[in-house]
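Convention: sequence-line order gives letters A, B, ...; per-chain numbering from 1.
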Amino acid sequence: MADFGFSISKPQSIDTNDMDVGRLQALEAKVPSFKRCINCGACTATCSAGQFGGFNIRRIHNLYRWDQRKGLEKELQQCMLCGKCTLVCPRGVNLRYLIIRLRKALADNK
Amino acid sequence: MSSNFHPFVLPFTIGTLALFSVLILKYNKWISKFDRQQKKLIRRNLFTGKLIPAVWEMINEGLFHKKVSRYNRRLGYMHRSIALGWFLLISVGFVETVFHFQGRGHAPWIGVFFRFFVRDNQTLSAWIFAQIMDLLLLYILSGVTMAVFKSIFSKTVGMRKTTRLKLFDTSLRYSLWSIFPLRLLSESATAALADNGGFLTQSLGNLMGERFAGVVELPLWTLYSIALGLFLCLLPFSRFSHIFTELMLIYFRKMGLREREKPTGFTRFELSACSRCGICIDNCPLDSELNITDIQPVYLIRDIRNRMPHRNATENCLMCNRCESDCPVGIQISEIRRQERDKKKLDTHDNYGYIEDVQSFNAIGRVIYFGGCMSHLTPGITESMKKIFDTVGQKYWMMDEERTICCGRPLLQQGFFNQAAELRRKNTQLIMESRSKTLVTSCPICYQSFRKEYNLPIKVVHHTEYIVTMLRLGKLRLNRSELRLAYHDPCELGRGCGIYDEPREVLSALGQLLKLEQEYKNSLCCGYNLGNTVLELDQQLKVRDASLRNLTDSHPDVIATACPLCKKAFQHSTTQPIKDVAELVVENLR
Amino acid sequence: MKEREKPVHGDDNPKPREVKRRLKSTKRISRRKRLEFEEVELPLQVAIIGGGVAGMEAASVLTEHRCPVILFEARPELGVNVKNKYKIFPDFSDAGRLVETMTKAMDHPLITVNKDTEIVEIIREPDAYTLLDNKGVPHTVPAVLLASGYEPFDAKRKEELGFGIYEGVINSLQLEDMLREHKVLNSLGEDPRRIVFLQCVGSRDEKVGNHYCSKICCITAVKQAIEVKRQLPDTEVYVFYMDLRLWGQGYEELYREAQEQYSVRFVRGRISEAASTFDGRVQIKSEDTLLGQPLKMVTDLLVLMIGMEASPGTQKLGKTCGLEGPYGFVRSKSPHLEDNLSDKPGFFLAGTCKRPMHIAEAVNDGRAAALEIIKYLRK
């Protein structure tokens, strides 16, 4: 499992200055509802894959927001696409499509 | 004119030769692309009794168009008059020719241009043939007239919409339409000169007058031959190839061939068998509720066939299968769509290492209860099932009480074949290790997956089937009341697995089941079907609202369903009670 | 709303004065009451639909200006939505007493209260409205105030939270009852070791079609958390939220007090599902979003902070009057200076039939509407 460095001992600061906003915008264009996320965490809480380990879909797309793509591709492969996240999302974010598009975007420009 | 040849027969003759050579080449190529299992089926079944029912179905579907007629009588008439009429025209023409030449040799095209070549025939039998041929021509012309009307006003044949065609298809259609009026005119012209027509052609010929007929006769026959030749030449490259391919497909299907996970030669046959009748457009909720008009099976099949880009058409579909249930050719469109969704390099291996350490449970003598991912969000269903197991005294192991390993179908539907297989392997291992004999599931998606994709050697039942069995055995007894119930058929359970009657039997045992406008195989998708990832929430809700209207029109006390997703979809929109069959059973236990 | 082209009683084109004269003669106050108030300046009757706090306050103000009022309440009692609460924020005053005070004021000679009476149809006359009640009686009045209020969200629509399925899952109104009785108990009848509050149930949720914030739940949870801790100091209290919106005067202070004095723990994360444990408690799944880690928690009680939805009466009348706004609430003429007005002259709006409001807001809105009505009648 990828290490996001969220353990206390390894703080990781994000340098937003060399961030490529285009990648995020491209994803948002494909999945417009993605912009509506308010980070309530319902998706992660209900996630079927998350019950087994540390899979955290909300964290993954937040990292992508900041163009922090390292390890995300491998991490996203754990998703079973069961759709519970999409079903509980109070903001109607189309998470299943987001995951597929995110995987595609990550695979296309490594 | 006693000669057996005139240059104008050339276009027709060349067209016919081209048609059959291309068809033979194409079919040969496709058959060579069948996969091992499909070839084995063909070898085993080629010369068995399967041929007889296949021929029977070919006659029914290829000529009489029974399924189309069942869906829509006028549309059925249109197809039947052209197909059956033309077939009879050719057959009777052949008989007429053979009868006339009495075994003397004749050129093969004579039958098609009989009136032109056989002019001095005033016998009674010739007169009778002429009448029959005119009658058949009239029959075909009535169908062609309807087709012309349909292209202008689709409602004349009772369809909401008609297929939008591209230039190539349009021109081909015009050549098909022109064949029969041209035949009528050519034969009439000849009748004016040779007096050999039937009630239709002779009267029209007499109207033309001899002088005019003398001028137009040859040009008309030439045009007729060109129209025929052009149509036959282009037929194998167009949608009209369905005329022949459908017959092949019926035979293959009778031999047990079905779509596979990846496209095969069989897929080519299926694609080529689509006549673009447009019934799937009328049945599509994305068309009727969201006005999305370019993703329906006709268009997807057309684009795959023409190797045009079709990403959007592939992805944007609920996979509710309402189109497939009425397809007169029975094309497995959802399977084809799924093949096209193949995610290729995204479909990775070894993704789910984290579930490897999940342990099975010794469940000898117990049933396995698999709620499914979604039923974790509808505890009303799982709690009711637990109560039902307790009531009938059945011990159970709820396989996914704490956490669920998804059945894999949602991944499969999106074209992640390897990933889905990995989940199936893990679940199969857990199920086999438990040594239970029966698996009960509450989610129709899981049910379809376990039944069709898993090859489990144990019994797999949906909870409605389980409840019916318990009712019949007398282990569950219900109080019947005047409760008015509207039952919603979930796509995956009804059209997917053919479970229509079991839930209805349960509901009829506890209340009054209402008749709905759209039900059984016509049931409308709730909009939450996992087959679609592209639709945004507001679009899903529009599809749901249409489905809900159908249910509330009869003013039920309770809306019943048998799928956690459908239940959630409706629950989100209304305060009206939405209950699963299992919940209603628990509430009405005696 | 039906527009009646011809007036009720014959005459094709009645002058407004004529209508007023007729209205005066049909008004439903007793002869005795009329004798007592000979000096009535505004003898026209105003119909108020809805006997909640907004409707009652409007009635009081109208009678202060000697305007007779006929009040319709669909339920058998007045002020039920407020009365269902025990103590109200931010000062923990008694909701019952507040309603009692307001109800007492309804015992006024100029006020006719019709309980158990639902208005089923509203017909627009020239310069007047005729209301038809469920008993088939017509009431013709020159002005109508719609104060048909809200209804608490039915948490059964969020089945994943287990309301109506697990005994340990209750809504915020049921907790008010428990607090009133001083019997905050788990499903086994014991003192709860832990109570979890969940915010935004039925509010800010596109899945149930309610995009809006109900705005009272945040502070209500803080208030209830404090009340729980006052009654049961040993109980752990958690509040799961998406955003805490403590916007009113004294609210933020109450939040601070809950944290500091009562050790209420606030967790930023939505609860996505609940299940029962073998010992009849409730297990919830959420995420501590600030940490980025999913969490499970077993609790004795899960309290769902249910939001406000337009009441069935509001939805129905809004639709029949053509005043249907978003989410089934009714739409006022403009949100600033004409918030008590509708786009129909003589038809006024007050309270939570327009949008979620807290008690004081609804009361003020009723008062404001009354003044608008007086202004209209004096014209």
Side-chain angles (χ1 to χ4, degrees), chain A residues 1-12 14 31-66 68 71-72 75 78-79 82-96, chain C residues 153 155 157-162 196 198-214 217-218 238-245 266-275 282-299 302 304-307 327:
Chain A
M1 211 172 294
D3 179 12
F4 297 125
F6 55 72
S7 60
I8 297 165
S9 56
K10 268 200 289 179
Q12 181 188 331
I14 297 170
V31 195
S33 56
F34 175 36
K35 294 191 214 168
R36 294 207 294 261
C37 173
I38 47 170
N39 282 298
C40 69
C43 47
T44 303
T46 196
C47 176
S48 286
Q51 308 303 319
F52 294 94
F55 184 70
N56 186 329
I57 178 60
R58 189 188 60 83
R59 211 184 138 73
I60 289 172
H61 67 63
N62 272 333
L63 283 167
Y64 193 81
R65 259 184 232 272
W66 293 114
Q68 303 294 301
L72 294 193
E75 186 79 359
Q78 297 179 45
C79 167
C82 72
K84 279 177 83 185
C85 49
T86 315
L87 205 62
V88 296
C89 178
R91 273 299 179 97
V93 177
N94 192 355
L95 275 131
R96 293 176 81 224
Chain C
F153 177 79
R157 278 167 69 195
K158 298 294 289 176
E159 189 180 343
E160 60 266 42
L161 299 175
V196 169
L198 172 63
Q199 298 284 17
C200 297
V201 177
S203 316
R204 303 181 70 201
D205 186 350
E206 300 197 9
K207 287 288 154 57
V208 294
N210 295 342
H211 296 211
Y212 59 89
C213 165
S214 286
C217 333
C218 283
Y238 287 86
V239 178
F240 283 74
Y241 65 93
M242 303 206 293
D243 295 293
L244 276 182
R245 298 179 168 176
F266 290 85
V267 186
R268 196 194 173 280
R270 195 176 168 89
I271 295 173
S272 63
E273 54 186 87
V282 182
Q283 168 160 302
I284 53 142
K285 287 180 188 169
S286 184
E287 185 199 354
D288 184 333
T289 56
L290 302 178
L291 201 56
Q293 279 181 318
L295 61 83
K296 284 178 188 169
M297 185 184 275
V298 172
T299 172
L302 171 61
L304 307 179
M305 302 307 299
I306 47 176
Y327 316 109

*Roughly how far, to the nearest 0.5 Å, is the CZ atom of A:R91 from the CG atom of C:D205?*
10.5 Å
*Give, for atom SG of A:C43 and atom CZ of C:R270, the distance between the pair rounded to the nearest 0.5 Å.*
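It comes to 11.0 Å.
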*asked:* I'd like to verify something: which residue of C:R268, C:K296, C:K158, C:H211 has the highest number of heavy-atom pairs under 4.5 Å with chain A?
replied: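 Highest number of heavy-atom pairs under 4.5 Å: C:R268.
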*Any chance you could lay out the side-chain contact (heavy atoms from CB on, under 4.5 Å) test for C:E160 and A:T46, step after step, and finish with the verdict?*
CA-CA 10 Å; C:E160 60 266 42; A:T46 196; over 6 Å; no
*Among residues two or more places apart or on two chains, list those pairs meeting side-chain hydrogen bond (donor to acceptor under 3.5 Å, both in side chains) that have a residue in residues 33-42 of chain A.*
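Checked against side-chain hydrogen bond (donor to acceptor under 3.5 Å, both in side chains) - neighbours excluded - the pairs reaching residues 33-42 of chain A are A:S33-B:E536, A:N39-A:R58, A:N39-A:N62.
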*Please collect all salt bridge (Lys or Arg N to Asp or Glu O under 4.0 Å) contacts where either partner lies in residues 41-55 of chain A, sequence neighbours excluded, each pair once.*
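Of all non-adjacent pairs touching residues 41-55 of chain A, none passes salt bridge (Lys or Arg N to Asp or Glu O under 4.0 Å).
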*Taking all heavy atoms of A:P90 and all of C:M242, pick out the closest pair and write down the distance.*
CG-SD, 4.1 Å
*Which atom of A:A42 lies closest to which atom of C:S272, heavy atoms considered*: O-CB, 3.5 Å
*Between A:I38, A:T44, A:V88, which shows the greatest number of heavy-atom pairs under 4.5 Å with chain C?*
A:T44
*Can you find a heavy atom in the side chain of A:C89 that is under 4.5 Å from one in the side chain of C:K207?*
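They are in contact (side-chain heavy atoms under 4.5 Å apart), so the answer is yes.
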*Min side-chain heavy-atom separation C:E273-A:K84 under 4.5 Å*: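 Yes - at least one pair of side-chain heavy atoms lies under 4.5 Å apart.
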